[in-house]
2 protein chains.
Amino acid sequence: MVEKNIRIKDIARLAGVSVGTVDRVLHNRGRVSPEALQKVTAVMEQIDYKPNLLARTLGSNKNYRIAAILPDPNQDPYWAQSSLGITQAQLEWAQYGIQVELFLFDLLDRDSFQKTAHRVHLARPDGILIAPTFYHEALPIFELFRETDIPFVLFNTNIPEAKPLSFIGQNLLQSGRVGAELMNLGQHEKGTLAVLHIDEDIQDSVHLLEKERGFREYFKEKSKIDFDIVDFNMNPKDPSFEDQFKTLLEDKNLRGVFVSTSKGTAVAASIIEKYGREDIRLVGYDMLEENLRYLKSGVIDFLINQNPKRQASLGISHLVNHLMFKKGTPSTDLFPLEVITQQNVESYLGSGIH
Amino acid sequence: MVEKNIRIKDIARLAGVSVGTVDRVLHNRGRVSPEALQKVTAVMEQIDYKPNLLARTLGSNKNYRIAAILPDPNQDPYWAQSSLGITQAQLEWAQYGIQVELFLFDLLDRDSFQKTAHRVHLARPDGILIAPTFYHEALPIFELFRETDIPFVLFNTNIPEAKPLSFIGQNLLQSGRVGAELMNLGQHEKGTLAVLHIDEDIQDSVHLLEKERGFREYFKEKSKIDFDIVDFNMNPKDPSFEDQFKTLLEDKNLRGVFVSTSKGTAVAASIIEKYGREDIRLVGYDMLEENLRYLKSGVIDFLINQNPKRQASLGISHLVNHLMFKKGTPSTDLFPLEVITQQNVESYLGSGIH
DNA sequence: TTTTAAAATGTGTACGCACACATTTACTTT
DNA sequence: AAAGTAAATGTGTGCGTACACATTTTAAAA
């Protein structure tokens with residue numbers, strides 16, 4: 001028959017104490033005699049007590065406030081996806097008394113990042129999810145969080161020195177290697193490969209350079225073809241941007257283009273299409289609506305999915321697990337480097353959860 | 001400030017009735033006067049009541065038994081993974097009074113399938129997760145389940161006529177197309193492609209033929225190269241098996257091999273390695289340990305991940321959502337067709353959840 | 001020894017819902 | 001009009017835990 005789950009009450013009975021004492025031992029709230037402690041721990045070692053999380057959550061009846069700090073979703077469809085993940089998490093956890101509040105900063109403005117973070121800190125939430133896109137500005141912020149004992153989870157960009165509760169994202173070096181692998185596939189002629197960092201804030205490319213490093217590493221180690229790999233930092237706002245790009249495309253030896261950002265992928269695709277160079281292998285990032293169109297039409301050959309939506313929603317889940325369920329969270333949750341092609345893209349769009 | 005969630009009690013107060021009446025209306029347990037019903041529904045339309053699932057589950061205090069019917073994991077590492085998914089679900093839900101019991105049948109024995117299913121039916125579980133690998137034997141079983149009102153979820157193999165609570169798996173036609181795409185990538189010489197169904201029970205290949213259909217469809221539609229596509233049903237237990245395979249590999253025009261099963265992928269890889277034909281493109285299924293070795297060494301070029309473990313664990317979750325949380329479950333949950341390569345395989349192994 | 005405070009332990013209520021059961025109301029039947 | 005019955009409605013307890021508070025025990029101080 002069904003083995004009844006062991007309850008605190010059962011432990012109390014077995015140890016010959018009251019539930020209050022067991023509770024104090026379990027959560028070490030002090031005020032327990034050595035003998036009682038011994039009796040309870042003895043029982044605990046014998047049996048496998050698994051607290052009923054439902055009852056725990058219901059009983060504790062706490063309202064937690066979680067703050068999510070990320071760039072303005074209106075500036076970039078990538079962050080719009082992240083923001084959707086937050087919204088999803090909001091709905092999911094609302095009924096458990098968890099309030100998720102969004103704090104946005106300007107993607108291009110380091111000052112705005114700092115100010116937003118400070119504003120969040122003043123609000124003293126119970127947990128923080130943050131995309132620390134500005135390395136230098138982020139460090140003192142983490143210091144603040146730690147001083148006030150607010151647990152925080154990083155996503156998208158890893159800063160190990162931050163010692164966060166956990167980091168959610170991808171291994172960027174490996175991501176670059178996957179990009180290179182997809183670029184290399186079936187190539188059989190020598191030529192040029194271009195790595196493009198298309199971003200409005202070139203400064204912040206530490207993050208992107210990691211992908212490039214992986215890309216180059218792969219070709220050094222693995223490829224049978226000795227490609228000429230060139231890289232460019234491009235700002236689409238720059239008036240000479242399209243000319244630069246055009247010059248690149250006029251090179252008849254150009255075999256492929258690897259773009260390190262999701263927005264940049266769409267930009268690159270549009271120009272490649274405009275100049276009719278669909279023969280060039282184009283590898284980029286993320287299932288933005290625009291990118292999907294170019295993937296389907298064959299301008300983009302591969303996308304590497306960073307799954308921003310899920311990164312964000314899982315970040316909130318990690319915080320909830322920590323705050324409410326007192327569950328341990330993995331210190332790093334590295335997402336798989338999903339390869340999206342013309343043929344499997346539909347299967348990714350269909351399944352909501354994954 | 002935090003908006004308190006609306007409780008049944010609140011609805012009762014607003015409608016001027018007792019919680020009992022509200023409860024009866026919400027779950028239409030009858031015995032409610034038209035006036036009371038009207039009053040409560042009026043309130044319900046005004047407000048957005050979201051029942052607290054924690055309290056609901058805790059309060060109902062039911063013990064559900066779920067039966068999982070699948071092939072013996074010892075016969076095939078693919079099913080061993082599924083079985084792991086069940087074990088995981090067992091642990092996850094045990095504390096909520098949900099008992100998951102495993103019922104195994106012989107992968108090669110239709111009779112065993114039937115008997116196991118009947119045995120499960122006699123036990124009258126509250127829900128059933130089943131991998132209906134034998135189409136004809138499965139149909140009358142579903143009839144039984146439906147007669148006794150036991151909700152059942154299909155995984156791995158879809159049988160739409162079964163009208164299950166939900167189906168969890170992949171689109172096999174699309175899966176074949178993805179296989180073809182990976183096969184076609186970078187090929188630039190005419191030649192032969194082989195589709196291999198390596199299975200001990202050739203009869204049951206309806207399921208596998210769907211993949212082949214997708215494979216051929218892709219080449220008809222998309223490929224610039226006019227490949228000669230041949231297919232074989234092979235039984236590794238057959239004494240002539242290796243000879244057959246050897247003959248195939250001796251064809252210098254052979255460009256690629258697509259294997260429709262996970263176990264078969266490993267078998268094919270071992271023979272290809274033995275005869276030193278690593279130049280041949282090999283596309284197969286699933287992250288079995290053996291397959292991972294061949295992928296890393298380059299014998300296997302691509303794997304399509306069917307995620308059997310997650311299919312199983314999610315199947316149980318769907319049943320739990322239906323039984324315990326009374327949540328609607330999607331009628332089909334099609335998993336993404338994940339492409340595994342040498343470079344992204346680690347990222348899949350690392351992340352536990354995905 | 002008695003008093004007093006602190007430490008240890010036990011008890012009771014709340015969390016939101018489900019459900020069994022008690023009570024009230026409305027309607028027949030005699 | 002009284003009794004009887006079924007329908008309608010309300011009340012109370014339990015689920016397993018957290019936590020505030022009451023009670024008991026212990027040890028130190030008078």
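Computed from a predicted model, the values in this text were never measured in an experiment. Throughout, a chain's letter reflects where its sequence line sits, starting with A, and its residues are numbered from 1.
Going from atom CG of A:Leu54 over to atom C1' of D:dG14 covers 15 Å, rounded to whole Å. Between the P atom of D:dC15 and the CD1 atom of A:Ile8 lies a distance of 14 Å, rounded to the nearest Å. For the pair B:Asp23 CG and D:dA8 C1', the interatomic distance rounds to 14 Å; values are reported in whole Å.
Within the 4.0 angstrom heavy-atom criterion, only backbone atoms of the sugar-phosphate kind lie near B:Tyr49; the bases stay farther away.
Of the residues near DNA chain D, A:Thr57 and B:Val19, the one whose nearest nucleotide (by heavy atom distance) lies more toward the 5' end is B:Val19.
For DNA chain C, the contact window with chain B, defined by any atom under 4.0 Å from a protein heavy atom, covers C:dG16 to C:dC19 in 5' to 3' order.
Distances shown here put a side-chain N or O of A:Arg7 below 4.0 Å from the OP1 or OP2 atom of D:dG16.
Between the side chains of A:Tyr96 and A:Asn63, no donor-acceptor pair is found at a separation under 3.5 Å. Under the 3.5 Å distance criterion, with hydrogens and angles disregarded, a donor-acceptor pair is assigned to the side chains of B:Asn156 and B:Tyr78.
Nearest heavy-atom pair across B:Leu334 and B:Gln170 is CD2-C, 3.9 Å. Taking both residues in full, the closest heavy atoms of B:Thr57 and B:Leu53 are given as OG1-O, 2.6 Å, listed atom of the first, atom of the second, then distance. Scanning all heavy atoms of the two residues, the minimum distance from B:Ile141 to B:Gln114 falls at CD1-O, 4.2 Å.
Between B:Phe152 and B:Phe142, the gap from one ring centroid to the other is short of 6.0 Å.
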